[in-house]
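Each remark here refers to the structure printed beneath this line.
The chains referred to below are lettered A, B, ... by the order of the sequence lines, with proteins before strands, and numbering in each begins at 1. None of the values given here were measured: they were computed from a predicted structure.
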Protein chains: 2
Amino acid sequence: MGLNTLFKALGDDTRREILRRLARGDMAAGEIAAAFDLSWPTISHHLSVLKEAGLVQDEKKGQYVIYSLNTTVFQDIAGWLFDLLGTITERQPAKKGEARKENGK
Amino acid sequence: MGLNTLFKALGDDTRREILRRLARGDMAAGEIAAAFDLSWPTISHHLSVLKEAGLVQDEKKGQYVIYSLNTTVFQDIAGWLFDLLGTITERQPAKKGEARKENGK
DNA sequence: TAGTTAATTAGATACCTTTCTAAATAACTC
DNA sequence: GAGTTATTTAGAAAGGTATCTAATTAACTA
């Protein structure tokens, strides 16, 4: 759902810790909430941010809601990284003695 | 300066576009500002967020301030990604017929 | 169906972000 | 040194985010 939403979702310790736990295996919402020193509604909110970003999926199993990691979005991050790093390597290496002088005096 | 600051800095279109331009070569602050439909102070602020996150560096060259990409932080992102994806592959693949049932009914 | 357990939604508060205009600082040019 | 150009800092407005408690919804259990 866009790199913006994605990076914003990743810019929070609690949310990254949730992802780390989900990487070890699926968990119910309450199980996740129990692992933190925050209220259930707060965790519920973080989960919805992660879901919005496509980083997790949820599935209702009886009275539980099981959350799992969605790894496909990590390709978006990797793709963005490669694009950027690719652009760097594309640029002409400046000849000796005139390195990076376009903007200087 | 921490993954939090780093991801937060990346969660903005303008800032990612600044990085993309810097990937092609160093630029003066004003040169960057001129490329956007935003005021100079706004761009100046975005640059300080990027700098705070360690994504760019600046260097005073006479009356200009030249900004350049700092690629070393990308290792932090890559490292985080690898850690997470590594954790996923570490987990025991469930045997057939008992897949992902720990939390279910 | 009344009670219990699981999870989300609503509403409030405090704080952080993005953006602006106006002012300040810093360096160059005559 | 007076003016010009480059950039940042200050201060304000609008909107977003993280967190809480209380209320609601949904599903199981006896």
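Remark: A:D83 pairs with no residue by the side-chain contact (heavy atoms from CB on, under 4.5 Å) rule, at least two apart or across chains. Checked against salt bridge (charged side-chain N to carboxylate O under 4.0 Å, His left out), B:R24 has no partners two or more places apart in sequence or in another chain. Listed by chain and residue number, B:R16 satisfy the salt bridge (charged side-chain N to carboxylate O under 4.0 Å, His left out) test with B:D13 (two or more places apart in sequence, or in another chain). Looking at residues two or more places apart in sequence or on another chain, you find a side-chain hydrogen bond (donor to acceptor under 3.5 Å, both in side chains) between B:N70 and B:T72. A:F7 meets the ring-ring contact (aromatic ring centres under 6.0 Å, His included) test with A:W80; sequence neighbours excluded. Partners of B:E17 under the salt bridge (charged side-chain N to carboxylate O under 4.0 Å, His left out) rule, at least two apart in sequence or in another chain, are B:R20, B:R21. Applying the side-chain contact (heavy atoms from CB on, under 4.5 Å) test to B:Q63 and every residue at least two apart in sequence or in another chain returns nothing.
The CG-C1' distance, from B:L50 to D:dT7, rounds to 16 Å in whole Å. As a whole-Å value, the separation of A:I66 CD1 from D:dA26 P is 18 Å. Separating the CD atom of A:E52 from the C1' atom of D:dT17 is a distance of 14 Å, rounded to the nearest angstrom. Between the CZ atom of B:F7 and the P atom of D:dT17 there is a distance of 17 Å, rounded to whole Å. One can place CZ of B:F36 at 15 Å from P of D:dT7, the figure rounded to the nearest angstrom. Rounding to whole angstrom units, NZ of residue B:K61 and P of D:dT7 are separated by 13 Å. The nearest whole Å value for the distance from the NZ atom in A:K60 to the P atom in C:dA7 is 9 Å. The nearest whole Å value for the distance from the CD1 atom in B:I43 to the C1' atom in D:dA6 is 15 Å.
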Taking only distance into account, with no hydrogens and no angle test, what donor-acceptor pairs under 3.5 Å do side-chain atoms of residues 40-51 of chain B form with protein atoms, sequence neighbours excluded?
| unit_1 | atom_1 | unit_2 | atom_2 | d |
| --- | --- | --- | --- | --- |
| B:T42 | OG1 | B:S39 | OG | 2.9 |
| B:H46 | ND1 | B:R15 | NH1 | 3.1 |
| B:S48 | OG | B:H45 | O | 2.9 |
| B:K51 | NZ | B:D58 | OD1 | 3.2 |
| B:K51 | NZ | B:D58 | OD2 | 3.0 |

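Between B:Y67 and the phosphate of D:dA6, there is no side-chain N or O to OP1/OP2 separation shorter than 4.0 Å.
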What protein N or O atoms touch nucleotides 12-19 of chain C N or O atoms at under 3.5 angstrom, if any, and at what distances?
| unit_1 | atom_1 | unit_2 | atom_2 | d |
| --- | --- | --- | --- | --- |
| C:dT18 | OP1 | B:R15 | NH2 | 3.1 |
| C:dT18 | OP2 | B:R15 | NH1 | 3.1 |
| C:dT19 | OP2 | B:H46 | NE2 | 2.5 |

Detail all sub-3.5 Å separations between protein N/O atoms and N/O atoms belonging to nucleotides 4-6 of chain C.
| unit_1 | atom_1 | unit_2 | atom_2 | d |
| --- | --- | --- | --- | --- |
| C:dT5 | O2 | A:Q63 | OE1 | 3.2 |

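The side-chain heavy atoms of A:L3 and B:L10, taken from C-beta on, include no pair separated by under 4.5 Å.
Residue pairs satisfying the ring-ring contact (aromatic ring centres under 6.0 Å, His included) criterion with at least one member in residues 10-36 of chain B, sequence neighbours excluded, are absent.
The bend of the helix from C:dT1-D:dA30 to C:dC30-D:dG1, defined by the angle between the axes of its first five and last five pairs, stands at 20° to the nearest 10°.
The side-chain contact (heavy atoms from CB on, under 4.5 Å) test with B:L85 singles out one residue from B:T89, B:I88, B:T87, and that residue is B:I88.
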